[in-house]
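Comments concern the structure below.
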Number of protein chains: 2
Amino acid sequence: MNQKQMLRPATDAATTAAPLANFNTADAVEYLNTLPIAAAVDLLAALPLPRAVKLLEAPELQRAGELVATLPPARAAALLGLMADDRATDIVHELDQDERARLVPLIGAEARQVIQTLLSYPPDTAGALMTTEFVSVPANWTVGQTLQHIREVERTRETVYAIYVLDPASGQLRQVVTMRRLITGLPDESILDVAQVNAPVTVDVAMDQEEVAQLIRRHDLLAIPVVDAGMQMLGIVTVDDILDALIEESTEDAHKFGGMEALEKPYMQIGFLEMLRKRGGWLSVLFLGEMLTASAMQHYEDELARAVVLTLFIPLIMSSGGNSGSQATSLLIRSLALRELRLRDWWKVALRELPTGIVLGTILGSLAMVRIVIWQLGGLHDYGEHWLLLALTVAAALVGIVTFGSLSGSMLPFALKRLGFDPASASAPFVATLVDVTGLVIYFSIAASILHGTLL
Amino acid sequence: MNQKQMLRPATDAATTAAPLANFNTADAVEYLNTLPIAAAVDLLAALPLPRAVKLLEAPELQRAGELVATLPPARAAALLGLMADDRATDIVHELDQDERARLVPLIGAEARQVIQTLLSYPPDTAGALMTTEFVSVPANWTVGQTLQHIREVERTRETVYAIYVLDPASGQLRQVVTMRRLITGLPDESILDVAQVNAPVTVDVAMDQEEVAQLIRRHDLLAIPVVDAGMQMLGIVTVDDILDALIEESTEDAHKFGGMEALEKPYMQIGFLEMLRKRGGWLSVLFLGEMLTASAMQHYEDELARAVVLTLFIPLIMSSGGNSGSQATSLLIRSLALRELRLRDWWKVALRELPTGIVLGTILGSLAMVRIVIWQLGGLHDYGEHWLLLALTVAAALVGIVTFGSLSGSMLPFALKRLGFDPASASAPFVATLVDVTGLVIYFSIAASILHGTLL
C-alpha cells in the first residue's frame, strides 16, 4: 500500500484529493470517517500538508491512530510534528508500542520532546490535556510590542485565548492579559497596565480534569495556565479541550454506570468481538457475584418449601433494594465528581441516607401492605390464613432493604474513592448485586422471626 | 427585613460588605454560599451595584433565585437589569409566578424585553442558552473602525468571542472575524478582508444544546451565532455557557439514569422532604411496575410449589436480564445524545443487539451450567434427580432473558425519543423493571417445556 502510494503519479494524488476541495474541515472529517481506511489514508497522503494537519487535529476524526499508523511513516511523522502538540499526543497515545517505536523517532526533535513530555502525564489530568502552545511575553514589553509579536510570530495560531506575561528575569508567570484588554491599550503603554488586577488563577499538571473544568467555570476563563511549583508555565488548558474531555468523560461514566467497560468509539464502529468483551466481562463478574443469591436461596430452601408464598415477593423486594441503591449511587458519584462533597463527608451522607432510606422503605412497605390487603380481601389471590403476617413481613423487609440499599449505595462511591478507584466505577448493576444477596438474608430473617410458629 | 435594610445607616452597609473586600469573585461567591439567606441578602444589598452584579452572574452562586426574591424589589430589579441577559433569565426562571409578577415589571424596559424573549425559549435549546450581547459591525466598516468600536462602545464586555459582520442593508449575518485576525489587519483595510473565508456556522434557536455543543466542538469555535430563518442574528451561545450547560446536563442525566428525578442543588443543600419527593416518586412508580412480578409469580404458584428448586435461580436470572438491559440502555442513551445514531438507525442497532444478546446469554448460561454441575457432582447441594434438566432450563432461560434484556434495553431510548421524551429518561431501574416481569415469564415457559413430565 505504501509502495503503491509512492509510485502513483502526481496527477493521481490531485484526483484523490479532489472530493475534499469544497468541504470545510468539519465536513471533510465527516467524509473521511465514512471512507474505508485505505481510501482515507490515500486521501490524507494526497492532501497538502497544512490541510491534512487540520483534518487530523479535528477531535471528531475517527480512527486517527489507525490512519497515522497506516500512512507512509515519513508523512505520518511530518504530520505529527506539525499538529497541535496536545492532539498529536492523543494520536500517539492510540498507537501500539511497535508503531510508536517506528514513528516517534522520525518526528522533528522539538515536537518529539514536547509529545514525549505530554505522554508522561497521567490521563484525565491537566498535564495530559494541556497544549504547550501559548502566547507569552516578558513583563517589560509594551502593548505595541505584544500586538506586533502576535501579528508576526504567532500568525499560525487561529485563536489567542490570552497573553501570559512572564517575569523577564525568572520566567515566572506574573499576569494575564485578555485580547479584549490588549486592544484597549495604547501602543506605548506597558503590557502590565492592561493586565488583570487579580493574581492569575493557575493549576498544577496533576490536577484532575473535572477540577480544572470547575476552575475554568468559576473564573469564567477561556484558558487556564498550567504551572510547576516554581510558577514556570508548562502550558495551558483551553475551554474547548475541557469541553471535549468532559463530553468523553460523561460518555465513559454513563457506560460504566450502566455496568460495562467504557467504549472509546461510537456504537456502530465497535467490532462485534470488542463489544462482547466490553460487556461480557462485567456481565460475567456480576453474574458470579449474583450466584451468591442462589447460595442464599439454597440456605433457605426448607423455609421456601414450607412457605412458597414467600417466594412471590422475592423479585419485588430485591428490585426495590437495587433501585434505592442505584439512586443513592448515582447521586453520590456526581456529587464527588463535582467536588460538592469530599471523602471526609462520608458520615454526613450516611446520617442523611439512614433516615431517607427508612422513610422511602416505609412508603414502599405501605404500598406492599395495601396491595396484599386489596388482593386478599378483594379475592384476587389467596395468600393463606396468615396473610396479614405475610404482609407485615414484606413491609418490614422493604424498610430494611431500602434502608440498606440507600446506605450501601451511597457509601460505595466513597469506598471506591478511598481505595484509590474512580467513584464512577460504581455501577447500578454492581450496587444491585451487592444489595440483592443481603436483601434475601434480610427478608428471610424477618420472615423467620415474624412467621415463626405460623408459616415457618 | 427590607425595612431594617432601609433604616440602616450607610456605615453599617460598609461594615456588612467589608468581609468581601479582599475576595475575588469566585471566593466571594463561595463565601456567600455558606451564609444564611438573610445575611447573604444583607451583603448583596450593601455591595456596590457592579460588584453585586458580578456575584449574581457567577454560575456557582447557589440560591440565586431565593436571594433575588428576598432583596428589596427595586434593588433586585436594578441588579437583574444590569446583569448579563442570559444569566438574568436563568434567575427569573427560578422565581415563582408571584415573584416574577412583582419583579419583572420593575426591570428597565430594554433588559425586560430581552429577558421575556429569552424566557420564551424551551429549556436546553440554543435560544434558552444564548446571550443577546455580542459585538456586530456593518460589512462596510474598516478594521480601524471596528477596533475603535470595541475599545469604546463595547468596553464593559470582558471577553469578545468574535466579531459578527452584518450586511449594512439587510442586517443579515455575512461573516465572522476572530480577535486574532482583527489585530493582524491594517486600520484602513475592510473588515471583510480579515474575515474567515468559510460561510459562518450558525444554529437555530430551537436546536438542542447537545447538538450546539457538537457544532462548537466540530468547528473549534468560542461562540456560535444563533440566527432566525432570515439570517438575522438573535444572539450567540458561548463555549463557557455550553460547558456549564453540559455539566448540568451530565448531572441530571446521571440522576435520571440512577432512577430518580434530577436534583438541581448539591446533595447537602437539598431539603429532606425535597430529597424524598425526588427519589420516592420514581421509586414508587418502579415499585408499582415491579408488582407485576408478584402477579407473574402468583400465576406460576403451582409450578413453584411442585418445584421449589426453580425459585433458587430466580434472583440470578432476573438480575442478569436487568444488567444486560442496563448496559444496552446506557450505551444508546449516549449514542443518541452525541448524535452518533439517529432515530431511523433503530433497526441497525436491533440487528446488532440480537446476536450480541445471544452470545452474552450463552456465556452466562454456560457459567450457570458449570456452577450447577460442580455443586451437584461436588456434593455441595442436591438439586434432585433432574438436575441436568434443571441446569439446561436455567441456561436456556439466561440466553432468552439476556437477549430480551439487550434488545429491549437498546430499543427503549429510541422508543422514548420517538414518543418525544428525552432518551436519557430511560433509567437502569426502569429497564430492570421492564425486563424482570418478562424474564419471569420466559423462565417459567422454558421450565414448563423442558421439565414437563419430570419436575413439572
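Quick note on labels: first sequence line is chain A, next is B, and so on, each numbered from 1.
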(message) Has R352(A) got a side-chain atom pairing as donor or acceptor with Y267(B)'s backbone, closer than 3.5 angstrom?
(response) yes
(request) Find out whether R306(B) and V308(A) are in side-chain contact, i.e. whether some heavy atom of one side chain is under 4.5 Å from a heavy atom of the other. (result) no
(request) Side chain from CB out, backbone as N, CA, C, O: work out which of these in T329(A) comes under 4.5 Å of a heavy atom of chain B, or both, or neither. (result) neither
(message) Does any backbone or side-chain atom of I247(B) lie under 4.5 Å from a heavy atom of chain A? Answer side chain, backbone, both or neither.
(response) both
(request) Taking the side chain as every heavy atom from C-beta outward, state whether K256(A) and S330(B) have any atom pair closer than 4.5 Å. (result) no
(message) Holding to ring pair (Phe, Tyr, Trp, His ring centres under 6.0 Å), I want the full list of residues that pass it with F257(B), two or more places apart in sequence or in another chain.
(response) F257(A)
(request) Could you tell me which of M318(B), E249(B), R217(B) has the largest number of non-hydrogen atom pairs under 4.5 Å with chain A? (result) R217(B)
(message) Under a 4.5 Å cutoff for heavy-atom pairs, which residue among K348(A), E210(A), H219(A) has the most contacts with chain B?
(response) H219(A)
(request) Grab the two heavy atoms, one from P315(B) and one from I314(A), that are nearest each other, plus how far apart they are. (result) CG-CG2, 4.2 Å
(message) For the CG atom of D240(A) and the CG atom of L222(B), what is their distance to the nearest 0.5 Å?
(response) 6.5 Å
(request) Taking the side chain as every heavy atom from C-beta outward, state whether L304(B) and L304(A) have any pair of such atoms under 4.5 Å apart. (result) no
(request) Go through the atoms of I333(B) and report whether side chain, backbone, both or neither lie under 4.5 Å from a heavy atom of chain A. (result) neither
(request) Side chain from CB out, backbone as N, CA, C, O: work out which of these in T178(B) comes under 4.5 Å of a heavy atom of chain A, or both, or neither. (result) side chain
(message) Checking the side chain of E290(B) only, and the main-chain atoms of L316(A) only, is there a donor and an acceptor separated by less than 3.5 Å?
(response) no
(request) Would you indicate whether the side-chain heavy atoms of L283(B) and S324(A) approach each other to under 4.5 Å? (result) yes
(message) Between V160(A) and M179(B), is there a side-chain heavy-atom distance shorter than 4.5 Å?
(response) no
(message) Does any part of the side chain of D27(B), heavy atoms only, come nearer than 4.5 Å to the side chain of R218(A), both counted from C-beta?
(response) yes
(message) For Q327(A), run the side chain to side chain contact (heavy atoms under 4.5 Å, CB included) check against M260(B), K278(B), E261(B), M275(B) and tell me which one passes.
(response) M260(B)
(message) Which heavy atom of E340(A) sits nearest to which heavy atom of P266(B), and what is that distance?
(response) OE1-CA, 3.1 Å
(request) Could you tell me which portion of Q148(B) (side chain, backbone, both or neither) has an atom closer than 4.5 angstrom to a non-hydrogen atom of chain A? (result) neither
(request) Identify which part of E57(B) has an atom lying under 4.5 Å from any heavy atom of chain A, answering side chain, backbone, both or neither. (result) neither
(message) If I take atom CG from residue L276(B) and atom OG1 from residue T362(A), how far apart are they, to the nearest 0.5 angstrom?
(response) 10.0 Å
(request) Below 4.5 Å from any heavy atom of chain A, which atoms of D244(B) appear? Answer side chain, backbone, both or neither. (result) both
(request) Report the option among D220(A), V402(A), N323(A), L288(A) that has the most heavy-atom pairs separated by less than 4.5 Å from atoms of chain B. (result) N323(A)
(request) Give a yes or no answer on whether the side chain of R279(A) reaches the backbone of T356(B) with a donor-acceptor pair at less than 3.5 Å. (result) no
(message) Side chains of Q298(A) and L380(B), heavy atoms from C-beta outward: is any pair under 4.5 Å?
(response) no
(request) Can you tell which part of A294(B) gets under 4.5 Å to a heavy atom of chain A, answering side chain, backbone, both or neither? (result) both
(message) Can you tell me which portion of I183(B) sits under 4.5 Å from chain A's heavy atoms? Options are side chain, backbone, both or neither.
(response) both
(message) Below 4.5 Å, heavy-atom pairs only: which of L331(A), T238(A), L147(A), L243(A) has the largest tally toward chain B?
(response) L331(A)
(message) With a 4.5 angstrom heavy-atom cut-off, is it the side chain or the backbone of Y300(A) that approaches chain B, or both, or neither?
(response) neither
(request) Check each atom of N198(B) against the heavy atoms of chain A and say whether the ones under 4.5 Å are side chain, backbone, both or neither. (result) side chain
(message) Counting only non-hydrogen atoms closer than 4.5 Å, does L215(B) touch chain A with its backbone (N, CA, C, O), its side chain (CB onward), both, or neither?
(response) neither
(message) Would you say that L286(B) contacts S319(A) through its side chain, given a criterion of any heavy-atom pair below 4.5 Å between the two side chains?
(response) no
(request) Could you tell me which portion of V349(B) (side chain, backbone, both or neither) has an atom closer than 4.5 angstrom to a non-hydrogen atom of chain A? (result) both
(request) Check each atom of A428(A) against the heavy atoms of chain B and say whether the ones under 4.5 Å are side chain, backbone, both or neither. (result) side chain
(request) Name the member of L364(A), T433(A), T311(A) that forms the most heavy-atom pairs with chain B at distances under 4.5 Å. (result) L364(A)
(request) State whether the side chain of S326(B) and the backbone N or O of G258(A) hold a donor-acceptor pair below 3.5 Å, judged by distance alone. (result) yes
(request) With a 4.5 angstrom heavy-atom cut-off, could you sort out which part of Q62(A) is near chain B: side chain, backbone, both or neither? (result) neither
(request) Against chain B, label L263(A) side chain, backbone, both or neither, depending on which of its atoms sit under 4.5 Å from a heavy atom there. (result) side chain
(request) With a 4.5 angstrom heavy-atom cut-off, could you sort out which part of A328(B) is near chain A: side chain, backbone, both or neither? (result) both
(request) Could you grab the distance from atom CZ of R371(A) to atom CZ of F287(B), nearest 0.5 Å is fine? (result) 9.5 Å
(request) Give a yes or no on this: more than 12 heavy atoms of other residues, nucleotides or ligands lie within 6.0 Å of atom NE2 of H299(A). (result) no
(request) Rounded to the nearest 0.5 Å, what's the gap from CZ on R180(B) to OG1 on T159(A)? Could you check? (result) 9.0 Å
(request) Can you tell which part of F430(B) gets under 4.5 Å to a heavy atom of chain A, answering side chain, backbone, both or neither? (result) neither
(message) With rounding to the nearest 0.5 angstrom, report the CD to NE2 distance, E301(A) to H381(B).
(response) 4.0 Å
(request) Mind checking the OG-CE spacing from S320(B) to M291(A)? Nearest 0.5 Å is all I need. (result) 8.5 Å
(message) Less than 4.5 Å to any heavy atom of chain A: does that hold for the side chain of A254(B), its backbone, both, or neither?
(response) both
(request) With a 4.5 angstrom heavy-atom cut-off, could you sort out which part of A337(A) is near chain B: side chain, backbone, both or neither? (result) neither
